[in-house]
Amino acid sequence: MKKFIKNLPKAELHLHIEGSFEPAQMFEIAQRNKIEIPYKSVEEIEKAYQFDCLQDFLDIYYQGASVLITEQDFYDLTYSYLKKCANQNVRHTEIMFDPQTHTERGISFETVIKGISKACNDAEKQLGVTSLLIMSYLRHLSEEDAFKTLEQSLDYKHLITAVGLDSSERGNPPSKFKNVFDASVKEGYIPLAHAGEEGDADYVWEALDILKIKRIDHGNNSLQDPILIQEIINRDIALTVCPLSNTSLQVVKNLKDHPLKKMMELGLKVTINSDDPAYFGGQVNQNYIEIQKALNLTKEDLYELAKNSFQYALIDEKTKQKYLKELNIFYEQNKN
Ligand code: HPA
Ligand code: ZN
């Protein structure tokens with residue numbers, strides 16, 4: 001099964017680039033930039049990665065991101081992640097980045113976007129991994145602040161495909177960002193959002209009805225509401241599920257209790273993703289491996305999940321068909 005998963009062509013649709021920041025690289029970049037961090041070694045950073053809810057995690061995650069200063073730092077961070085994609089047969093990835101995490105510290109939008117997008121271009125040429133960018137607004141900040149970010153992004157609109165919404169969910173409902181999402185859509189960005197990770201089903205309703213999102217990040221708590229489930233199916237909207245993130249943040253107590261299989265049986269379109277792989281114990285393939293074991297998923301289930309990852313990617317039809325064909329050939333040759 002491990003070999004099947006390793007070679008399975010797949011896409012990753014839910015990945016925060018700041019969450020791919022491995023301790024060793026964080027340590028190296030902190031030293032390079034002469035930034036004091038409260039850890040004396042890579043091991044100390046690793047030890048600090050202990051959290052049992054979204055907020056505890058976010059506190060550490062924002063602190064880690066604060067050593068990123070130059071365009072080269074963003075380039076190195078992104079290229080490292082894309083190399084891991086190539087090693088896992090992740091053929092395509094949709095990378096979220098949080099501009100406000102950096103602009104709040106005085107780093108320019110330009111520095112962030114140029115470093116990330118240059119790495120994406122190089123990786124496509126050198127590694128054959130395609131990617132696109134999702135600019136994510138931080139929901140613990142104001143809508144006004146998100147508007148500033150939208151404004152800063154406009155010179156780089158050609159480099160950004162979609163907008164997202166992340167950070168502390170409870171108390172920050174999607175409706176808080178209605179106007180900035182409307183404005184983002186007018187600029188041509190596709191609307192996406194985290195919803196139903198810690199927030200209840202009504203947050204998912206708001207994300208669908210008010211923000212008009214085209215894909216739901218996490219969406220676990222949609223299962224609280226059968227009418228919502230049917231609505232998600234009717235609108236043909238996929239969920240980007242992140243199993244190891246869910247257990248790390250105690251959204252799900254144990255992988256054996258994870259609702260992924262139930263979601264599939266209900267007819268929801270589910271994909272498997274890593275979210276913040278440096279923090280949650282594994283890259284996307286590790287998520288496939290551990291959830292397969294916990295829920296006893298078949299090769300057909302895994303094929304279905306990988307198929308969804310291409311089907312619901314924000315790529316053009318021709319590229320989508322190319323990847324689906326590659327997946328189908330692989331499956332036909334390896335399903336028995
Ligand atoms: N949830 C919300 N915000 C985030 C996450 C997450 O899992 N990762 C990075 N920002
Ligand atoms: Zn996320």
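Just so you know, ligand 1 is whichever comes first in the structure, and atom 1 is the first atom listed for that ligand.
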J.: Quick one: angle His16 NE2 - the Zn ion (ligand 2) - Asp275 OD1, to the nearest 10°?
T.: 90°
J.: Is a donor from one side chain sitting under 3.5 angstrom from an acceptor on the other, for Gln55 and Ser168?
T.: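 Yes, Ser168 and Gln55 have a side-chain donor paired with an acceptor closer than 3.5 Å.
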J.: Suppose I only count heavy atoms of Phe57 and a 4.0 Å limit; which atoms of ligand 1 are within that range?
T.: 8 (N), 9 (C)
J.: Are Leu58 and ligand 1 in contact, using a heavy-atom cut-off of under 4.0 Å?
T.: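 Contact check Leu58 vs ligand 1: positive.
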J.: Looking only at protein heavy atoms, identify the closest one to atom 8 (N) of ligand 1 and say how far it is in Å.
T.: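 Ranked first by proximity to atom 8 (N) of ligand 1 is Asp276 OD2, 2.7 Å.
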J.: So, taking the atom named CG in Leu132 and the one named CD1 in Ile315, what distance separates them when rounded to the nearest 0.5 Å?
T.: 8.0 Å
J.: Between Asp59 and Gln63, do the side chains contain an N or O donor and an N or O acceptor separated by less than 3.5 Å?
T.: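 No, no side-chain donor-acceptor contact under 3.5 Å.
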J.: To check your reading of the model: name the closest protein heavy atom to atom 5 (C) of ligand 1, its residue, and the distance in Å.
T.: His16 NE2, 3.6 Å
J.: Between Lys178 and Asp209, is there a side-chain N and carboxylate O pair less than 4.0 Å apart?
T.: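 The answer is no: the pair does not qualify as a salt bridge.
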J.: Backbone, side chain, both or neither: what part of His218 comes under 4.0 angstrom of ligand 1, heavy atoms only?
T.: side chain
J.: Return yes or no for this condition: an N or O of Ser167 is under 3.5 Å from an N or O of ligand 1.
T.: yes
J.: For the pair Gln100 (side chain) and Leu141 (backbone), establish whether a donor and an acceptor sit closer than 3.5 Å, ignoring hydrogens and angles.
T.: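 No, because the side chain of Gln100 does not come within donor-acceptor range (under 3.5 Å) of the backbone of Leu141.
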J.: Please confirm whether Gly19 comes under 4.0 Å of ligand 1, counting heavy atoms of the residue only.
T.: no
J.: Can you tell me which N/O/S atom of His14 has the shortest distance to the Zn ion (ligand 2)?
T.: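 In His14, the heteroatom (N, O or S) nearest the Zn ion (ligand 2) is NE2.
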J.: Does Asn89 reach the main-chain N or O of Asn7 with its side chain, forming a donor-acceptor pair under 3.5 Å?
T.: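 Yes; judged by distance alone, with no hydrogens or angles, the pair exists.
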J.: So do the side chains of Glu94 and Leu314 get within less than 4.5 Å of each other, counting heavy atoms only?
T.: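 In short, these two side chains touch, coming nearer than 4.5 Å.
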J.: Ring centres of Phe177 and Phe181 under 6.0 Å apart?
T.: no
J.: For ligand 1, is there an N or O atom under 3.5 Å from any N or O atom of Asp275?
T.: yes
J.: Which part of Glu197 is near ligand 1, with near meaning a heavy atom under 4.0 Å away: side chain, backbone, both or neither?
T.: side chain
J.: What atoms of ligand 1 come closer than 4.0 angstrom to any heavy atom of Leu54?
T.: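 Once the distances to Leu54 are compared, the set is 1 (N), 2 (C), 6 (C).
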